[in-house]
Amino acid sequence: MTPISRADSRNEITDLLTAYAWHFDRNEPELVAALFTEAAVIDYGPEFPAIRGRDAIAPRIGEGLTQIFEATSHHVSNVAISIDDDGSAMGTAYVYAWHRYRDGSPDGHLWGQYHCRFAHTADGWQIAELILRAAGTENFHRSTMHPIGRRA
């Protein structure tokens, strides 16, 4: 097996997170799901049951994309990745997400982070776990989020 280049891996994982935001904002839940491993877990917060398994991802986020959101815009930055020799990686990325709601509610804003675990598979890097943590929200559709872990 060819060793995994750390520099190439960081670029591929950054592209993976960018693709997540791109497909989410374009209302392409099937393409979002394809970015995840078969046994992936997505945890969007305590008010939203965790999504377990790639097959569950498209239907679950598709509900929000078609029933709750008229439009979204996710901005990912400050990507930090730690790659292990076993074909796995951990990473965080900052996210700003704007949401326009179908019901006419004021636009929602979220400032936070994605905390992720990645796996290098036969298809390249994929997301094995994504946890959304919030630093703050405004007019957001959920009142309780996982905190970013800021010291008091």
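The closest donor-acceptor contact from the side chain of R52 to the backbone of V41 lies at 3.5 Å or more, if one exists at all. With hydrogens and angles ignored, the 3.5 Å screen pairs a side-chain donor or acceptor of T18 with a backbone N or O of T14. The backbone N or O of A71 sits nowhere less than 3.5 Å from a side-chain atom of R100 that would complete a donor-acceptor pair.
Annotation: cation-pi pair R60/F48 present, NZ/CZ under 6.0 Å from the ring centroid and within 45° of its normal.
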Test side-chain hydrogen bond (donor to acceptor under 3.5 Å, both in side chains) applied to T144 and E47, step by step: CA-CA 7 Å; T144 306; E47 293 180 18; 3.1 Å; yes

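Nearest approach of A93 to V76, heavy atoms of both residues: CB-CG1, 3.7 Å. When all heavy atoms are compared, the tightest approach of D103 to S105 is OD1-OG, 2.7 Å. Contact between A19 and L35 at its shortest, heavy atoms only, is C-CD1, 3.8 Å. The shortest non-hydrogen separation linking I13 to A89 is CD1-CB, 3.8 Å.
Taking the side chain as every heavy atom from C-beta outward, V95 and L132 approach each other to under 4.5 Å. Side-chain contact between D85 and R6 is present, with heavy atoms from C-beta onward closer than 4.5 Å. W22 places none of its side-chain heavy atoms less than 4.5 Å from the side chain of L31. Contact annotation: the side chain of P46 approaches that of H146 to within less than 4.5 Å [non-hydrogen atoms, C-beta and beyond]. For the pair E63 and L65, the minimum side-chain heavy-atom distance is 4.5 Å or more. Within the 4.5 Å cutoff, the side chain of D15 has no heavy atoms near those of the W125 side chain. Considering only heavy atoms from C-beta on, I42 comes within 4.5 Å of F36 through its side chain. No side-chain heavy atom of I127 sits under 4.5 Å from any side-chain heavy atom of E129.
Proximity of the aromatic rings of Y94 and Y114 is defined here by a centroid distance below 6.0 angstrom, and this criterion is not met. Ring centroid separation for the pair F140 and H109 does not come in under the 6.0 Å cut-off.
I68 and L110 end up in the same hydrophobic cluster when Ile, Leu, Val, Met, Phe, Trp and Tyr side chains are linked at under 4.5 Å. V79 and Y20 fall within the same hydrophobic cluster, defined by Ile, Leu, Val, Met, Phe, Trp and Tyr side-chain heavy atoms under 4.5 Å apart, directly or through other members.
For the side chain to side chain contact (heavy atoms under 4.5 Å, CB included) test with F118, the passing option among D84, L16, I83 is L16; the others fail.
The residues D43 and R133 are annotated as not salt-bridged, no charged nitrogen and carboxylate oxygen being separated by less than 4.0 angstrom. Here E70 does not pair with R102 in a salt bridge; the nearest charged N to carboxylate O distance is not below 4.0 Å.
Between the side chains of S88 and D86, at least one donor N or O lies within less than 3.5 Å of an accepting N or O. Side-chain contact, H99 with D107: no donor N or O sits under 3.5 Å from an acceptor N or O. Counting only N and O atoms by type, the side chains of Q126 and T37 include no donor and acceptor under 3.5 Å apart. Using modelled atom types and a 3.5 Å distance limit, the side chains of S73 and H75 yield a donor-acceptor pair.
With values rounded to the nearest 0.5 angstrom, L130 atom CG is found 11.0 Å from R117 atom CZ. To the nearest 0.5 Å, atoms CD (E30) and CD1 (I61) are separated by 8.5 Å. Annotation: the span from Y101 atom OH to N139 atom CG amounts to 7.5 Å, rounded to 0.5 Å.
Under the 30°/60° scheme for interplanar angles, the aromatic rings of F24 and F69 are found to be tilted.
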